[in-house]
Undergrad: 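Below: one structure in structure tokens.
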Protein chains: 2
Amino acid sequence: MAKQTTPELIAEKADTLFYERGFEATSFADIAKAVGISRGNFYHHFKSKDDILDAVITRRLATTRAMLAGWEEDADPAQRIISFVRILIVNRSKIMAYGCPVGTLNTELSKLDHSAQNRASDIFALFRDWLASQFAALGHRQDAQDLAMQLLARSQGVAVMASAFGDEGFLRAEVAAMESWLAALPKNLTTKRQGH
Amino acid sequence: MAKQTTPELIAEKADTLFYERGFEATSFADIAKAVGISRGNFYHHFKSKDDILDAVITRRLATTRAMLAGWEEDADPAQRIISFVRILIVNRSKIMAYGCPVGTLNTELSKLDHSAQNRASDIFALFRDWLASQFAALGHRQDAQDLAMQLLARSQGVAVMASAFGDEGFLRAEVAAMESWLAALPKNLTTKRQGH
DNA sequence: TCTGAATTAGGACAGTTGTCCTAATTTGTC
DNA sequence: GACAAATTAGGACAACTGTCCTAATTCAGA
């Protein structure tokens, strides 16, 4: 593994802190402590806190792309979608403690009326477009985007409720229900054409 | 209308600010300005910011109970549930700007590891239990709680995505889909008994 | 080994935070 | 109208915020 530069290390630690505590609630002092550098040193790498947020979003866009690319190794689009659904299981501890990193960041930036909210929603757009292409590969050309948004929204709802109630059982039940829903979707509609 | 006491007025203005900006991002100065009283005056009514949060949650519990009671005037349980779903439409402007007040408060308090998060989730519990009793009245005795949680989660997912993308079309489409789902639910299962 | 650039630590800075105190004012009751 | 209680304004307080500066250190290339 290549050695991490200081800006990369700052972005990584800030990413975790912004997720676990929120953007506003995380101070420079918190990040400095996590990285192990002095507070005043930040401004050689980032000119403001918003700049760090920008780097964190860029980082999340990159890790999301990498994760989606990894799921592409599975030949079956249905299995790829199941990989997406199962991140709820894989990350269940963090999700029950802090919610979904993408959803909660978007929510916070909306409230702060922060200009970076548009870039944050691009992370959602990555998932949406990737899911839509999987649904399209399953033959759902007409409603690929709708199905993608539905699944994305449902995952968000699960994350919010599981975190609010600390209810792992609900999370697991909903993941199972989403997999059943996926299996029950009509397939091989490739040649079917619906009138406009 | 009875004249509002100062503590009530503080709780009302804080309620709005906590919703629109978040709990942490709202300062005493912000609330003081909204109420029109001096900053130092707070401590005669509330001994800390957490005390104000407590009053805000108490207020939200009360307004939620009142709203649910209002919906009870409709004789048809299915229509009552539709009243719930349609708050997404009624409050769409605020939801697209700030998300769901209940969900976003729970999310923020989770991240802050705040002791009031349990009380905040009680607001969700009010909705869940009320919805469950409506589903039970529709004949879904066995799975009333599950259906309530599903509908609650779906609403939360819609609020998160509609706010992230600023997508009113998605919000409206999902409300319509939830109403269709409700209409398609099997009814009059009152006499049916499933084992155990 | 020398030199210029990159990186660092530590602190100064003005502003804001939640909290608390005191003194003045208003209020309700006799 | 007098008086005790409730309520108010305004500011003090230490701690913390994001930002910025300067001087010391480390590093890379000749």
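Naming convention: chains lettered A, B, ... in sequence-line order (proteins, then strands); numbering from 1 in each chain. Values below: every heavy atom of this structure, side chains too, minus hydrogens, waters and symmetry copies.
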Undergrad: Knowing that exactly one of A/Phe84, A/Phe135, A/Trp71, A/Phe124 qualifies, which makes a ring pair (Phe, Tyr, Trp, His ring centres under 6.0 Å) with A/Trp130?
TA: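 Per the ring pair (Phe, Tyr, Trp, His ring centres under 6.0 Å) rule, the option paired with A/Trp130 is A/Trp71, out of A/Phe84, A/Phe135, A/Trp71, A/Phe124.
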Undergrad: Quick one: pull up CG in A/Leu147 and CG in A/Leu151 and give me the separation to the nearest 0.5 Å.
TA: 8.5 Å
Undergrad: List the steps, then state whether ring pair (Phe, Tyr, Trp, His ring centres under 6.0 Å) holds for A/Phe170 with A/Phe165.
TA: CA-CA 9 Å; A/Phe170 174 71; A/Phe165 283 125; 8.5 Å; no
Undergrad: Once you round it to whole Å, what is the distance between P of D/dG18 and CG of A/Asp51?
TA: 14 Å
Undergrad: Should we say atom CG of B/Asp129 is surrounded by more than 12 heavy atoms from elsewhere, each under 6.0 Å from it?
TA: yes
Undergrad: Under a 3.5 Å cutoff, is there a donor and acceptor pairing between the side chains of B/Asp146 and B/His140?
TA: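 B/Asp146 vs B/His140: no donor-acceptor pair found between side chains.
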Undergrad: Could you list the protein-to-nucleotides 15-17 of chain D atom pairs, N/O on both sides, closer than 3.5 Å?
TA:
from, atom 1, to, atom 2, distance (Å)
D/dT17, OP1, A/Ser27, OG, 3.1

Undergrad: At what angle, to 10 degrees, do the two end axes of the helix from C/dT1-D/dA30 to C/dC30-D/dG1 meet, given five pairs define each axis?
TA: 20°
Undergrad: Measure the shortest side-chain to side-chain distance between A/Lys33 and A/Arg39 over non-hydrogen atoms and say whether it is less than 4.5 angstrom.
TA: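 A side-chain contact under 4.5 Å is absent here.
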Undergrad: Working to the nearest 0.5 Å, report the span between OG of A/Ser93 and CD of A/Glu168.
TA: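 The distance works out to 7.0 Å.
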Undergrad: Starting from P on D/dG18, measure out to OH on A/Tyr43 and report it in whole angstrom.
TA: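 Rounded to whole Å, this separation is 7 Å.
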Undergrad: With a 4.0 angstrom cut-off to heavy atoms of chain B, pull out the first and last contacting nucleotide of DNA chain C, in 5'-to-3' order.
TA: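 With heavy atoms of chain B under 4.0 Å away, the range is C/dT17 to C/dC21.
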Undergrad: When you measure from the side chain of B/Asp74 to the backbone N and O of B/Arg80, does any donor-acceptor pair fall under 3.5 Å?
TA: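 Not confirmed, B/Asp74 side chain does not pair with B/Arg80 backbone.
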Undergrad: What is the distance, to the nearest angstrom, from the CG atom on A/Leu17 to the P atom on D/dG18?
TA: 12 Å
Undergrad: Of the non-hydrogen atoms in A/Ala78 and A/Leu182, which two are nearest, and what is the gap between them?
TA: O-CD2, 3.5 Å
